[in-house]
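Read the structure below first, then the notes.
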Amino acid sequence: MGRLDGKVCVITGAGGGMGREAALRFSREGARVCVADMNEEAGQKSAAEADAETGEAFFFKVDVADPASVQAMYGKTAERYGQIDVLYNNAGIMPEDDASILETEPNSWQRVQDVNTKGVYLCCKFGIPYLLERGGGSVINVASFVALMGAATSQISYTASKGAVLSMSRELAVEFAKEGVRVNALCPGPVETPLLLRLFESDENAAQRRLIHVPMGRMARPEEIVAGALFLASDDSSYVTGTSFLVDGGLTAAYVTPE
Ligand SMILES: NC(=O)c1ccc[n+]([C@@H]2O[C@H](COP(=O)([O-])OP(=O)(O)OC[C@H]3O[C@@H](n4cnc5c(N)ncnc54)[C@H](O)[C@@H]3O)[C@@H](O)[C@H]2O)c1
């Protein structure tokens, strides 16, 4: 028996990194999955891999910053599977031109807000009605540890966007708690995914600057974050809502000095 048997999950950003990992794990746990991503090639690949697990996954090309595209994603999923139970709002970007506030131009700031903040807003706005129709469900909004503390290396719009995701999640949790819709902000620490590894390739000290702050002394593997998401998606977390669900290797608990 799988932990997500009978559930239909929509995962955005499922073509890469943690989203891909989630598509595979959720499928193995019995979910029917909409593998949504803007990158068609990567998304198709993830969907084929997830589909091989259960025969119950499909790819949908979505731009989470576009209202019509997000509505179509849910429409297609409901048409195909007849219900939606879990929204895993994972798509997010961390572009290099988002850095210190002194260098970050308004258009770079805005692109990050469009995907990371407005994207989560749209995915909740158009997805929650499907959960209400079912009498409940789980929303997992991916924030970050930077929603809770200032990052050592500034990415001003990204950090602000994750703070917005966290506070939006809390408010939605309160609004829909009595209707059975749980909303949690999943806050990963640094994870070994293309998003962060790309950054490390361009700056050899970037990894070290970050790892010094992590008591465990290493980055998370994508599957360790997805294990947290699986808990939030499943009925095991039936009394968990409105949390800042940290999976961060102890990072936010630490006052660390370099020896
Ligand atoms: N990697 C980390 O260390 C880390 C830490 C904390 C939080 N996060 C968050 O976790 C989430 C996943 O990160 P990741 O590291 O797996 O990223 P990733 O870059 O590996 O994958 C992100 C996916 O999102 C897709 N995407 C980008 N813009 C999109 C859009 N407008 N519409 C639809 N899809 C879009 C990309 O094509 C890609 O497949 C993000 O929200 C990120 O901010 C990551």
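Sequence positions, counted from 1, serve as the residue numbers for this chain. We use all heavy atoms of the structure for the numbers below, so side chains are in, but hydrogens, waters and symmetry mates are not. Order of appearance sets the numbers: ligands from 1, and atoms from 1 within every ligand.
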With atoms numbered from 1 as shown, which atoms in ligand 1 lie under 4.0 angstrom from a non-hydrogen atom of [X]?
X: Ile93; value: 27 (C), 28 (N)
X: Asn39; value: 37 (O)
X: Asn90; value: 11 (C), 12 (C), 40 (C), 41 (O)
X: Pro188; value: 6 (C), 7 (C)
X: Asp63; value: 30 (C), 31 (N), 32 (N)

When you measure from the heavy atoms of [X] to every atom of ligand 1, does any distance fall below 4.0 Å?
X: Arg20; result: no
X: Cys187; result: no
X: Thr12; result: no
X: Phe145; result: no
X: Ala143; result: yes

Is [Y] paired with [X] through a side-chain N to carboxylate O contact shorter than 4.0 Å?
X: Glu224; Y: Arg218; result: yes
X: Asp85; Y: Arg134; result: yes
X: Asp235; Y: Lys7; result: yes

Between Ser69 and Asp63, do the side chains contain a donor N or O and an acceptor N or O under 3.5 Å apart?
no

For the backbone of Phe231 and the side chain of Asp236, can you confirm whether one donor and one acceptor N or O come within less than 3.5 Å of each other?
no

Option nearest [atom] (shortest heavy-atom distance, choices [options]):
atom: atom 22 (C) of ligand 1; options: Gly17, Gly19, Gly92; value: Gly92
atom: atom 5 (C) of ligand 1; options: Ala65, Ser144, Pro190, Gly189; value: Gly189
atom: atom 14 (P) of ligand 1; options: Val112, Ile225, Val142, Thr193; value: Thr193

Student check: side-chain heavy atoms of Ile128 and Leu87 closer than 4.5 Å
yes

Are Thr12 and Tyr88 close enough that some pair of their side-chain heavy atoms sits under 4.5 Å apart?
no

Counting the benzene-type ring for Trp, do Phe58 and Tyr81 have ring centres under 6.0 Å apart?
yes

Looking only at N/O atoms, are Val191 and ligand 1 under 3.5 Å apart anywhere?
yes

Among Ser157, Ser108, Ser161, exactly one meets side-chain hydrogen bond (donor to acceptor under 3.5 Å, both in side chains) together with Gln113. Which residue is that?
Ser157

Working to the nearest 0.5 Å, report the span between CD of Glu103 and OG of Ser154.
8.5 Å

Contact region, Met219 to ligand 1, non-hydrogen atoms below 4.0 Å, reads neither

